[in-house]
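If you read the sequence from its start, that first residue is 1, and numbering goes on from there. These numbers come from a predicted model, not from an experiment.
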Amino acid sequence: MNQPVREDDTFARARRGRNIVIAVGLVLFVALVYVVTVIKMGANVLDRAL
């Protein structure tokens with residue numbers, strides 16, 4: 001049987017860094033899509049009757 005490989009602290013730090021970069025990138029992408037959508041719809045979208 002193979003022994004489970006124990007990760008080094010360096011690998012864990014590297015993975016955490018990559019995860020943070022991916023999360024920030026995803027948040028920025030969602031914000032960009034939101035802003036572009038609001039701009040394309042125009043400011044009058046808030047003045048409509050519900």
Side-chain angles (χ1 to χ4, degrees):
M1 291 282 176
N2 290 339
Q3 296 281 339
V5 177
R6 191 165 166 240
E7 291 186 355
D8 245 8
D9 189 40
T10 357
F11 291 121
R13 278 181 190 261
R15 184 185 310 124
R16 180 167 169 79
R18 282 192 303 270
N19 287 344
I20 290 172
V21 169
I22 290 171
V24 168
L26 182 61
V27 167
L28 289 175
F29 176 72
V30 169
L32 178 68
V33 169
Y34 176 76
V35 168
V36 168
T37 302
V38 168
I39 290 172
K40 282 184 153 273
M41 291 177 78
N44 293 332
V45 74
L46 298 176
D47 293 334
R48 65 184 173 93
L50 296 177

> Can you list the residues that meet the salt bridge (Lys or Arg N to Asp or Glu O under 4.0 Å) rule with R18, with sequence neighbours excluded?
Replying inline: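 R18: no salt bridge (Lys or Arg N to Asp or Glu O under 4.0 Å) contacts found.
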
Under the rule for side chain to side chain contact (heavy atoms under 4.5 Å, CB included), what residues qualify as partners of [X], not counting sequence neighbours?
X: V27; answer: none
X: V24; answer: I20, L28
X: V35; answer: I39
X: T10; answer: D8

>> Can you list everything that forms a side-chain hydrogen bond (donor to acceptor under 3.5 Å, both in side chains) with R16? Sequence neighbours excluded, please.
In response: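 side-chain hydrogen bond (donor to acceptor under 3.5 Å, both in side chains) check on R16 returns nothing, list empty.
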
